[in-house]
Colleague: 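Submitted below is the structure of interest, expressed as structure tokens.
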Amino acid sequence: MQEEGKLNLYRFVVHGKTFSRVSDMLEGDLIFVNEHCIAKYLVSVLELIQVVETEFDNIFNAKMNQLIASFYFNNEIVEFD
């Protein structure tokens, strides 16, 4: 069983810039992940989720308003792709 904080390198796909960022954390076929690294990626993931959520809300509100206006003025439901 692997110790906590270690990832098997064979399960971790490393490409270009990613390798340069993690190369100092490599020891053999293991990557040692510290709290700073985890916190950095957590912030990045949370920022990405916030952007996706905002975009989803904008699209949802625009289509919802179109649907309400179409029904109110035409008594028809407009289908969206």
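Source: prediction; values computed, not measured.
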Colleague: Check for me, please, whether Val45 and Ile38 land in the same ILVMFWY cluster - side-chain distances under 4.5 Å, paths through other members count.
Modeller: no
Colleague: Determine whether Tyr41 and Ile49 fall in the same hydrophobic cluster, where Ile, Leu, Val, Met, Phe, Trp and Tyr are linked whenever their side-chain heavy atoms lie under 4.5 Å apart.
Modeller: no
Colleague: Is there a side-chain contact between Met64 and Ile68, using heavy atoms and a 4.5 Å cut-off?
Modeller: yes
Colleague: Rounded to the nearest 0.5 Å, what separation is found between the CD atom of Glu53 and the CG atom of Leu48?
Modeller: 11.5 Å
Colleague: Output the distance between atom CE (Met25) and atom CG (Asn34), rounded to the nearest 0.5 Å.
Modeller: 6.5 Å
Colleague: Tell me, do Gln50 and Leu46 make a side-chain contact under 4.5 Å, heavy atoms counted?
Modeller: no
